[in-house]
Protein chains: 2
Amino acid sequence: MSPTGEHRSAAPSPADHRTGAEPDGQPGRRTRRARSRPDRPAATIGRVAEAAGVSRATVSRVMNGSPTVAPELAARVRAAAEALNYEPSLVARSLALGRTSTVSLIVPDLANPMFQDVLRGLSHAAGTHGHRLLVAESNENAAEEAILAVEARRRSDGLVLAAPRVPEAELRALSERLAPLVLLNRDLPGSSVPSLSVDYSAGIAAIVAHLRSLGHRRLLYLAGPAASTSNRDRRAALRAACASEPACTFVELACGATFDDGHAAARAVRDADATAVVAFNDMVAFGALSGLHELGVAVPQDISVTGFDDIPFARYTTPPLTTASIPRNELGRQAWDRLWTLMNGGPAGHNVAFQPRLLVRESTGPVPAGRSAQRS
Amino acid sequence: MSPTGEHRSAAPSPADHRTGAEPDGQPGRRTRRARSRPDRPAATIGRVAEAAGVSRATVSRVMNGSPTVAPELAARVRAAAEALNYEPSLVARSLALGRTSTVSLIVPDLANPMFQDVLRGLSHAAGTHGHRLLVAESNENAAEEAILAVEARRRSDGLVLAAPRVPEAELRALSERLAPLVLLNRDLPGSSVPSLSVDYSAGIAAIVAHLRSLGHRRLLYLAGPAASTSNRDRRAALRAACASEPACTFVELACGATFDDGHAAARAVRDADATAVVAFNDMVAFGALSGLHELGVAVPQDISVTGFDDIPFARYTTPPLTTASIPRNELGRQAWDRLWTLMNGGPAGHNVAFQPRLLVRESTGPVPAGRSAQRS
DNA sequence: ATGAAAGCGCTAACAA
DNA sequence: TTGTTAGCGCTTTCAT
């Protein structure tokens with residue numbers, strides 16, 4: 001419920017679970033297990049076979065569209081199935097077949113648009129091949145990531161895993177039990193586990209090159225969450241890109257990953273000795289843009305700002321944001337391709353690193369006159 | 001791959017699947033079925049029992065933490081399990097237990113932030129109770145919705161279904177096979193299927209009341225996709241809200257659901273005889289805001305604009321958007337509560353309609369002077 | 001073309 | 001406390 005209570009609802013309390021035991025006294029003629037809907041016993045292949053006067057094997061054949069069944073019999077079976085409202089048990093089927101036609105996706109954070117898109121792409125691609133998708137969120141917790149991965153894998157035929165937190169040694173130890181496995185945004189050097197990732201370094205490098213071409217030499221990095229690997233990647237890439245240029249310096253400002261984080265940093269940004277700010281992501285950049293605007297700092301006239309991710313809104317900020325776009329949908333689709341190949345005994349293939357694409361819009365411009373030299 | 005080819009990658013073609021048959025000639029000693037990883041036979045409860053010199057029942061007891069096992073035996077079993085890298089088969093377990101510890105969610109569109117939040121809430125709540133989540137997307141296709149629902153339900157113990165397209169009669173016919181079932185954003189009058197929904201009408205009514213209190217009498221509705229039920233709901237609510245007031249008129253302009261749709265409508269909005277525009281959703285409102293700005297029309301001085309949904313960005317448009325917020329996370333959590341109650345034989349409870357909350361920000365204001373009367 | 005029967009890997013009632 | 005045994009509902013070999 002909304003804490004303010006302004007979203008009213010007539011919901012009952014979640015409780016009221018009966019656990020165990022027969023609700024009513026009657027032992028019933030059900031063999032051993034209590035069924036979920038005790039009233040109607042749920043049709044089984046056996047009952048259908050009985051009703052149609054054929055063997056279970058024949059029912060199975062009909063249900064699976066085997067062509068070797070006499071039309072007359074097939075019709076009888078279908079009628080019986082229809083009458084009994086028969087639905088083959090997919091669980092039993094999975095057990096007999098040794099496969100579930102399900103794959104799993106583990107992500108650290110379902111709120112992250114990147115993973116939402118991976119989810120979409122994967123779900124869609126898997127669906128195309130008659131497979132379903134199981135999803136689980138690890139909430140950025142390393143222990144949880146490993147446990148979830150193992151469990152999810154046991155329920156399915158393959159796993160797409162985005163697990164930035166699991167230590168490499170542990171992941172390596174697990175990788176055999178998790179196969180067929182596709183890794184997202186990290187790899188396992190020397191193993192045969194395929195990995196799909198976004199080359200954040202290349203994206204940062206492109207941004208820095210762009211900024212340098214505009215004359216910027218003093219950069220400010222608005223850092224993401226300290227625990228985030230992508231923040232570490234981006235920072236390292238920024239450091240490397242700067243280091244390769246003699247007169248290029250960069251300072252870092254702890255910030256965060258949200259609009260509000262960026263907004264709150266605006267004052268510090270203005271007071272810093274930098275001509276361009278490289279934000280951890282678009283949200284932060286957007287927040288900074290907004291805060292800077294309120295302080296009367298003009299972008300890009302007074303200072304340039306870049307984002308990262310190319311979220312849909314990046315086109316619509318004022319000014320529109322220069323950023324690096326990453327192929328989010330593609331990741332999910334390709335993850336499926338890899339997994340499916342693996343599931344069919346195919347090779348792992350080469351790992352791929354998707355290169356972000358620099359999108360120059362209006363939040364970056366030349367260094368303001370008189371600021372090309374150190375200020376203090 | 002990106003059509004432009006600018007996101008390069010070294011991906012192999014998705015093909016190369018071997019199908020059926022033993023890859024190599026050897027029939028092997030594996031009983032009947034080809035295992036997915038022919039190399040290591042995958043430990044079963046039987047093998048562990050054998051290795052530990054106990055019965056399968058004992059292994060089962062140990063794996064499930066039954067306290068009635070001698071510590072010495074338990075240790076031996078655990079050691080054997082460890083040594084064999086044993087993982088109990090969840091499929092077999094599900095079959096024996098008659099439950100999967102999995103629930104399913106079917107949504108029309110995974111790109112819709114509303115459903116993304118439902119997904120998150122549901123996944124999290126289910127996880128708390130040791131359940132996993134299966135998701136499927138119907139792509140707004142009625143036939144698909146029904147089929148997916150049945151199939152997903154068969155793989156799991158319960159279903160949360162957002163199926164705006166399935167005809168009521170069909171849904172009613174299906175509802176028994178789908179139980180335990182929780183419906184999102186629609187209900188099944190007279191049935192015992194719980195339903196959780198957002199009261200769009202109330203949201204629209206609140207928006208209209210707000211606009212009227214500012215003196216607006218001539219409203220323009222920027223309509224969503226014609227096929228969308230929520231568009232129909234909102235339009236109907238708008239009509240009703242207007243009809244209840246003598247001097248209130250509203251006209252409708254076909255638009256869409258995206259920023260670009262709203263942006264493209266700006267000229268028509270300016271030329272229409274209306275003092276306030278009620279947009280289908282925030283994205284459209286945002287697009288309109290942007291387009292109006294480019295045309296030199298001031299919001300809210302010249303015209304007021306409202307959105308719907310309170311997407312995160314609504315706070316950050318210029319001007320910040322007056323809109324109606326809906327409790328998206330809450331929906332997923334409550335859906336779980338309902339489903340869990342049902343799964344435990346509990347009652348369906350009362351349906352709930354979440355009331356949107358009006359958020360008055362800066363995109364609405366009083367009717368411009370001299371425009372309170374009909375223009376032409 | 002059809003059926004009988006032996007699994008798939010696990011759980012649980014019952015006996016010891 | 002532990003083992004025996006009979007399922008859970010389906011598929012598939014093998015014989016007919």
Side-chain angles (χ1 to χ4, degrees), chain A residues 20-22 27-36 41-50 52-77 81 84 86-101 154-155 157, chain B residues 20-22 27-36 41-50 52-77 81 84 86-101 154-155 157:
Chain A
E22 298 281 53
R29 270 212 53 270
R30 281 164 272 137
T31 43
R32 295 183 309 126
R33 218 85 59 203
R35 314 286 316 146
S36 41
T44 70
I45 197 173
R47 256 186 261 289
V48 174
E50 195 178 358
V54 300
S55 73
R56 298 183 313 178
T58 298
V59 176
S60 172
R61 286 192 265 260
V62 172
M63 297 310 291
N64 294 296
S66 159
T68 77
V69 177
E72 194 266 333
L73 266 201
R76 235 162 64 209
V77 169
L84 295 178
Y86 170 63
E87 295 286 354
S89 153
L90 290 180
V91 174
R93 191 160 199 278
S94 294
L95 180 59
L97 250 27
R99 68 182 144 77
T100 59
S101 297
R154 284 199 289 154
R155 291 188 194 280
D157 302 338
Chain B
E22 298 281 55
R29 270 211 53 270
R30 280 164 276 137
T31 42
R32 295 183 310 126
R33 217 85 57 200
R35 312 289 315 150
S36 41
T44 69
I45 198 173
R47 257 185 261 288
V48 174
E50 195 178 359
V54 300
S55 74
R56 298 184 313 179
T58 298
V59 176
S60 172
R61 286 193 265 260
V62 172
M63 297 312 290
N64 293 296
S66 158
T68 78
V69 176
E72 194 266 331
L73 267 200
R76 235 162 65 208
V77 169
L84 295 178
Y86 170 63
E87 295 285 355
S89 154
L90 289 181
V91 175
R93 191 159 199 279
S94 294
L95 180 59
L97 252 26
R99 71 183 141 76
T100 60
S101 297
R154 283 199 289 155
R155 290 188 195 280
D157 302 339

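Basis for what follows: all heavy atoms, side chains included, without hydrogens, waters or symmetry-related copies. Lettering of chains follows the sequences in order, A, B, ..., and the numbering in each one begins at 1.
A sub-4.0 Å separation between OP1 or OP2 of C/dG9 and a side-chain N or O of B/S89 is absent. Considering only side-chain N and O atoms, A/R56 lies nowhere under 4.0 angstrom from the phosphate OP1 or OP2 of C/dA4. OP1 or OP2 of D/dG3 lies within a sub-4.0 Å distance of a side-chain N or O belonging to B/T58. Proximity of B/S60 to the phosphate of C/dT11: a side-chain N or O atom is located under 4.0 Å from OP1 or OP2.
Rounded to whole Å, atom P of D/dT11 lies 10 Å from atom CZ of A/R99. Here the C1' atom of nucleotide D/dG9 and the CG atom of A/N64 are 13 Å apart, to the nearest Å. If you measure from atom CZ of A/R155 to atom P of C/dC10, you get 14 Å, rounded to the nearest angstrom. The interatomic distance linking B/R93 (CZ) with D/dG9 (P) rounds to 17 Å, in whole Å. Remark: P of D/dG9 and CG of A/L97 are 17 Å apart, rounded to the nearest angstrom. Rounded to whole Å, atom C1' of D/dC8 lies 15 Å from atom CG of A/L90.
Residues passing the salt bridge (Lys or Arg N to Asp or Glu O under 4.0 Å) test with A/R154 are B/E87, sequence neighbours excluded. Taking the salt bridge (Lys or Arg N to Asp or Glu O under 4.0 Å) definition, one finds that A/R56 meets it with nothing, sequence neighbours left out. Taking A/R61 as the reference, A/A57, A/T58, A/S66, A/T68, A/V69 meet the side-chain contact (heavy atoms from CB on, under 4.5 Å) condition, with sequence neighbours excluded.
Taking each heavy atom of A/A74 and A/V62 in turn, the nearest pair found is CA-CG2, 3.9 Å.
Distance from the side chain of A/L95 is smallest for C/dG9 among the nucleotides D/dC10, C/dT11, C/dG9. Proximity note for A/Y86 (side chain, C-beta onward) versus C/dT11, D/dT11, D/dC10: the nearest is D/dC10. Nearest to the side chain of B/A96, among C/dG9, D/dG3, D/dT12, sits C/dG9.
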For a quick test of your reading: what N or O donor-acceptor pairs under 3.5 Å do the side chains of residues 88-99 of chain B make, sequence neighbours left out?
unit_1	atom_1	unit_2	atom_2	d
B/S89	OG	B/V91	N	3.3
B/S89	OG	B/A92	N	3.0
B/R93	NH2	B/N64	OD1	2.7
B/S94	OG	B/L90	O	2.8
B/S94	OG	B/R99	O	3.4

Strictly under 3.5 Å: I want the nitrogen or oxygen pairs between protein and nucleotides 14-16 of chain C, one per line.
none

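Of the residues in residues 66-74 of chain B, B/T68, B/V69, B/A70, B/L73 come within less than 4.0 Å of DNA chain D through at least one heavy atom, sorted by number.
Comparing the start and finish of the helix from C/dA1-D/dT16 to C/dA16-D/dT1, five pairs each, the helix axis swings through 40°, to the nearest 10 degrees.
Heavy atoms of A/V54 sit under 4.0 angstrom from primed sugar atoms or phosphate atoms, though from no base atom.
Side chain of B/R155 to main chain of A/T100: a donor-acceptor pair is present (N/O by atom type, distance under 3.5 Å, no hydrogens or angles).
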